[in-house]
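Here's the structure, in structure tokens; my notes come after.
Each chain gets a letter, A, B and so on, in the order its sequence line appears, and its residues count up from 1.
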There are 2 protein chains.
Amino acid sequence: MPDDIDRIIQKSYEACASAGVKLTDKRKNVLMVLLGSSTPLSAYEIVERYKTQFSETLPVMSIYRMLDFLIQEKLVHKLETASQYMSCAHIACEHQHETPQFLICDRCGSVKEIAIKKHIMTELERSIQSTGFTLAHQQLELHGVCKHCQDDSVSAN
Amino acid sequence: MPDDIDRIIQKSYEACASAGVKLTDKRKNVLMVLLGSSTPLSAYEIVERYKTQFSETLPVMSIYRMLDFLIQEKLVHKLETASQYMSCAHIACEHQHETPQFLICDRCGSVKEIAIKKHIMTELERSIQSTGFTLAHQQLELHGVCKHCQDDSVSAN
DNA sequence: TATTATTGCGTTATGTTATATCATATCTTA
DNA sequence: TAAGATATGATATAACATAACGCAATAATA
Ligand SMILES: [Zn+2]
Ligand SMILES: [Zn+2]
Ligand SMILES: [Zn+2]
Ligand SMILES: [Zn+2]
């Protein structure tokens, strides 16, 4: 869990306010659930954690709607290759949110959100443009094994 | 549908033979269904098309197993971001199958499989390595709008 | 060829992810 | 407070995927 969680929530309120939308209590709670998880969660897992953390059982339909909202406001990302959701790692950053690149550990499920190097993205786009294709919601999801899990398997030998 | 479909099937037989596995009639038929589609298909859509093309209703469970086989033999790719399956565009090519990059048109659903430029992939890997992460099944899925659909929306104005 | 092992696939059940639709509650604002 | 908009609840169903069991065809091998 990020230790500056209060600050992240504060920033989230501000972002929603300036977008003219409302971060309701439940939406905020869903975001808190995601902020409190070291791995991305499925909508159904969010239901479970919400129940544990807030003693209230929400229908999964509502969770999906709140996720839609949070994704719209760029507070949450959906990992399409995993059907899971995670809070954006850059909510409290000042810089612009750039093309995110998710490194997904297939062993432990942890995900690291980093910004893709601009010149790599540019090159990628250029090589794609020659096919006439125009990129949309740029987001790269790369699967592999994280540092931690690699170390574990070494020490297990 | 690729016009050299016979050649692709022939190549598929050869690839399976040299891998010591068998391309059964049904597996071949599933591959034919995918070769005959201009867009990737879900497992359930394959059931439908198989029925139409071969007058036989297979259980979806069997389709999934055949897809597993075809993916294993690299004759078919799964698009994780779309939960759909498509035949590899390079079955009949002589060159080695490199890291594929799928350009998925969000308007018409068509997908183009191109090989990612080697130096871009190298750069991407290098920038990732600094995080300690090791890439696994490298496959990029990029969403956007294809040339054809862009032209359509222009002429519709 | 008879015996045994392996593979391919059918069948049924169940799990997981996501959307559609309509009802109700809450919040805004005149 | 009444009217309208937004947020959420409730129920049903669709779409995607896997588990577990068993049988029949094929392959290996004695
Ligand atoms: Zn982000
Ligand atoms: Zn890991
Ligand atoms: Zn391919
Ligand atoms: Zn298109």
Side-chain angles (χ1 to χ4, degrees), chain A residues 12-13 16-17 19-34 37 39-51 54-73 75-86 104 106 109 141, chain B residues 12-13 16-17 19-34 37 39-51 54-73 75-86 104 106 109 141:
Chain A
S12 300
Y13 272 116
C16 287
V21 296
K22 270 196 314 193
L23 187 63
T24 64
D25 279 0
K26 292 185 178 180
R27 287 167 175 170
K28 182 205 65 181
N29 288 348
V30 168
L31 180 56
M32 298 258 278
V33 166
L34 290 175
S37 175
T39 60
L41 301 173
S42 75
Y44 289 81
E45 288 168 335
I46 295 171
V47 171
E48 292 308 311
R49 300 233 184 166
Y50 196 105
K51 182 156 51 187
F54 301 104
S55 307
E56 186 183 3
T57 303
L58 297 190
V60 68
M61 184 68 254
S62 296
I63 297 293
Y64 275 112
R65 271 189 297 231
M66 292 165 193
L67 286 172
D68 285 347
F69 172 89
L70 294 168
I71 290 167
Q72 190 80 31
E73 301 309 318
L75 301 172
V76 165
H77 297 294
K78 175 176 185 182
L79 296 178
E80 297 287 348
T81 60
S83 294
Q84 288 177 321
Y85 306 83
M86 65 182 293
I104 305 171
D106 290 327
E141 300 182 22
Chain B
S12 301
Y13 272 117
C16 288
V21 296
K22 268 194 319 192
L23 187 62
T24 63
D25 279 0
K26 291 183 179 181
R27 288 168 174 170
K28 182 204 65 182
N29 288 348
V30 168
L31 181 55
M32 298 258 278
V33 166
L34 290 175
S37 174
T39 61
L41 301 173
S42 76
Y44 289 79
E45 288 168 335
I46 294 171
V47 171
E48 292 307 310
R49 300 234 184 167
Y50 195 104
K51 183 157 52 186
F54 300 106
S55 306
E56 189 182 0
T57 303
L58 296 190
V60 68
M61 183 69 251
S62 296
I63 297 293
Y64 275 113
R65 269 190 301 232
M66 292 164 196
L67 287 171
D68 284 347
F69 172 90
L70 294 169
I71 290 167
Q72 189 81 29
E73 301 308 319
L75 301 172
V76 165
H77 296 294
K78 176 176 187 182
L79 296 179
E80 298 287 347
T81 59
S83 293
Q84 288 176 321
Y85 305 84
M86 65 182 292
I104 304 171
D106 290 327
E141 300 182 22

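For Tyr64(B) and dT18(D), the ring-to-base geometry does not satisfy the stacking test (centroid distance below 5.5 Å, interplanar angle below 30°).
In this structure, Leu58(A) atom CG and dA7(D) atom P are separated by 16 Å, rounded to whole Å. Regarding Ile63(A), its CD1 atom lies at a distance of 10 Å from the P atom of dT8(D), rounded to whole Å. Computed from coordinates, the Tyr85(B) OH to dC16(D) P distance equals 9 Å when rounded to whole Å. To the nearest angstrom, P of dT17(C) lies 14 Å from CD of Glu80(A). The separation between Met61(A) atom CE and dT19(C) atom P is 8 Å, rounded to whole Å.
Nucleic acid contact class of Arg65(A) (heavy atoms, under 4.0 Å, all strands): base.
Both Gln84(B) and Lys22(B) lie close to DNA chain D; mapped to their nearest nucleotides by heavy-atom distance, the more 5′-ward contact belongs to Gln84(B).
Axis orientation changes by 30° from one end of the helix from dT1(C)-dA30(D) to dA30(C)-dT1(D) to the other, with each end axis drawn from 5 pairs and the value rounded to 10°.
Checked by distance alone, Tyr44(B) brings a side-chain donor or acceptor within 3.5 Å of a matching partner on the base of dA17(D).
Applying the ring pair (Phe, Tyr, Trp, His ring centres under 6.0 Å) test to Phe69(A) and every residue at least two apart in sequence or in another chain returns nothing.
In this structure, Arg27(A) does not pair ionically with Glu73(A), as no charged nitrogen and carboxylate oxygen lie closer than 4.0 Å.
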